[in-house]
Enquirer: 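Can you read through this structure? Questions will come right after.
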Amino acid sequence: AEEVKRCEDRIKRYRSLPKNLSSRALFTCAFVFAEAGVNPEGIEFALDTGARMQDRDKASRGYGNLRWDWEDGAVLDYNAVEFCMQYGALLRLRHWDKLTPKAKETLTEIFEYAIEGCMRHRVPESYTNIALMNAENLILLGEILGRDDVLKEGKARLNEICNYTFECGIHEYDSPTYYGVDIECLMIIHEFAEDTEARQQAKVLLDLFWTDLAANWYAPAAKLSGARSRDYNYLRGTGLLDNYVRMAGWLPEDTPRTSLPLVALLTGHRPDARFQTLCETVYPRLVEQRYGSSPLDVRTNYVTKGIALSAAGTNYGSMDLPLSIDFASEDRQAIRGYFIPDARRDPYGKKRIPA
């Protein structure tokens, strides 16, 4: 009910087409309404507005993709089609019979263009979360629309991710935000894909991620420990992942959450109990792992009951924490210790460098 109310308020604001209207939010709201069996007119509005934000010019680089925000003059963020189609595909799979004829027509038309957007959106396997989401969308859309060529490409991209990960590890490593996205993508493939091989690969990758999480999860502080890539919360080191470790039983039920973990609720996926046993009982432990093809793409995390010390050998990007310290604490809001070699005082890389 809380999520429905949040979406109703958002759609009400969106009717005036504000500059910050989000295409991703439109598809999420449509899915939430369908799950709750409410507001068919809101679903129609969300899909119709999403269609208006889709680039349908064959000569455009963004053909089939979507503008991230209403104010964008063109497709600026090519990840938008992936985030929109994630819930667009689930809407089609779970609620097709309940959609109005108008909503069905609009969604089908969006898919026809979005397939081209996803096919064109080729990212390296090292871009872990988007590579997984792209493969997920191609597999599901290929199956939904009976496009064997699209399904084949989605499976090929998933296979390439598996091969890369086998050789190099998880490139977007130890991220408290993007591990949540990765797990969502793999849950969806495992639960909703018809292709047996894709489901099996998703299960193997899910086990790998949960093994990685268990090795680095610091139960004495109830958070992910260690040097990492792509952290949005430097001080406390929490993020989207919290929703999933909470449902796994690694966090108390009353732990505040920033959003409803819809995918976990849909799939019922829970990690094996052995992962929780590992992170709660094995002390001390030395975690050594690689996250790329270079000999220097390695990290070490020494985890004890009182402290976790960690360092990484190379830099992924401007959101990294290459050296970190986590202290045992009953307060999840306790501050982490970290070092960022940044003379510009610009950890997020947003300050413009003078020409």
Side-chain angles (χ1 to χ4, degrees), residues 7 10-11 14-15 17 21-68 70 74-75 77-122 133-155 157 184-185 188-189 191-195 198 262-263 266:
C7 286
R10 175 168 279 170
I11 292 298
Y14 281 1
R15 289 185 183 278
L17 304 179
L21 185 158
S22 161
S23 57
R24 177 187 184 184
L26 289 171
F27 287 89
T28 302
C29 288
F31 179 75
V32 169
F33 291 151
E35 278 289 310
V38 300
N39 204 349
E41 192 276 332
I43 295 173
E44 289 182 354
F45 169 81
L47 295 179
D48 181 64
T49 308
R52 294 171 66 185
M53 297 176 74
Q54 191 169 38
D55 186 340
R56 298 184 175 182
D57 179 0
K58 286 187 177 182
S60 170
R61 179 189 167 197
Y63 180 56
N65 213 308
L66 293 94
R67 306 198 309 273
W68 192 263
W70 185 263
V75 175
D77 184 339
Y78 288 83
N79 296 337
V81 69
E82 310 301 350
F83 284 98
C84 291
M85 289 307 99
Q86 185 173 62
Y87 279 110
L90 290 177
L91 178 63
R92 172 65 172 80
L93 283 168
R94 289 179 58 82
H95 302 292
W96 182 248
D97 292 341
K98 301 176 185 176
L99 296 180
T100 65
K102 180 181 178 182
K104 288 181 179 181
E105 181 181 357
T106 306
L107 186 59
T108 300
E109 187 178 63
I110 289 171
F111 282 167
E112 293 293 341
Y113 291 98
I115 279 180
E116 184 66 26
C118 292
M119 291 283 277
R120 291 184 175 206
H121 189 220
R122 187 64 186 263
M133 194 177 294
N134 175 259
E136 165 209 327
N137 285 331
L138 289 174
I139 289 169
L140 294 187
L141 291 177
E143 291 179 341
I144 287 170
L145 299 181
R147 288 281 301 274
D148 290 342
D149 58 325
V150 176
L151 171 61
K152 182 179 179 180
E153 182 62 24
K155 290 183 59 179
R157 294 186 187 186
E184 285 182 347
C185 294
I188 290 172
I189 296 172
E191 179 74 15
F192 296 106
E194 297 177 3
D195 186 84
L262 291 171
V263 175
L266 292 177

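Predicted model only: the values in this text are computed from it and were never measured.
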Enquirer: Would you verify whether the NZ or CZ of Arg67 falls within 45 degrees of the ring axis of Trp70 while also being under 6.0 Å from that six-membered ring's centre?
Expert: yes

Enquirer: Would you confirm whether His121, through its side chain, and Tyr78, through its main-chain N or O, come within 3.5 Å as a donor-acceptor pair?
Expert: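 Yes; judged by distance alone, with no hydrogens or angles, the pair exists.
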
Enquirer: Donor-acceptor pair, Asn65 side chain versus Val75 backbone, under 3.5 Å?
Expert: no

Enquirer: Begin with the C-alpha distance, continue with both residues' side-chain angles, and end with the deciding distance and a verdict on side-chain hydrogen bond (donor to acceptor under 3.5 Å, both in side chains) for Asp48 and Thr106.
Expert: CA-CA 7 Å; Asp48 181 64; Thr106 306; 5.3 Å; no

Enquirer: Roughly how far apart are Leu47 CG and Cys29 SG, rounded to 0.5 Å?
Expert: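 Reported value, rounded in 0.5 Å steps: 11.0 Å.
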
Enquirer: Test of understanding: with ring-ring contact (aromatic ring centres under 6.0 Å, His included), list the residues that count as partners of Phe192, not counting sequence neighbours.
Expert: none

Enquirer: Given Arg157 and Arg122, is the side-chain contact (heavy atoms from CB on, under 4.5 Å) satisfied, shown in steps?
Expert: CA-CA 9 Å; Arg157 294 186 187 186; Arg122 187 64 186 263; 3.5 Å; yes

Enquirer: Are Tyr87 and Phe31, when compared by the centres of their aromatic rings, separated by less than 6.0 Å?
Expert: yes

Enquirer: Sequence neighbours excluded, which residues qualify as salt bridge (charged side-chain N to carboxylate O under 4.0 Å, His left out) partners of Arg52?
Expert: none

Enquirer: At what distance, to the nearest 0.5 angstrom, does CG of Asn134 lie from CE of Met119?
Expert: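 Answer for the CG-CE pair, Asn134 versus Met119, is 9.5 Å.
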
Enquirer: Output, in order, the C-alpha distance, side-chain angles, deciding distance and verdict of side-chain contact (heavy atoms from CB on, under 4.5 Å) for Leu93 and Ile144.
Expert: CA-CA 8 Å; Leu93 283 168; Ile144 287 170; 3.9 Å; yes

Enquirer: For Glu116, which residues count as a salt bridge (charged side-chain N to carboxylate O under 4.0 Å, His left out) partner, sequence neighbours excluded?
Expert: Arg120

Enquirer: For Gln54 and Gly64, indicate whether the former's side chain and the latter's backbone hold a donor-acceptor pair under 3.5 Å.
Expert: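 Pair found, side chain donor or acceptor close to backbone of Gly64.
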
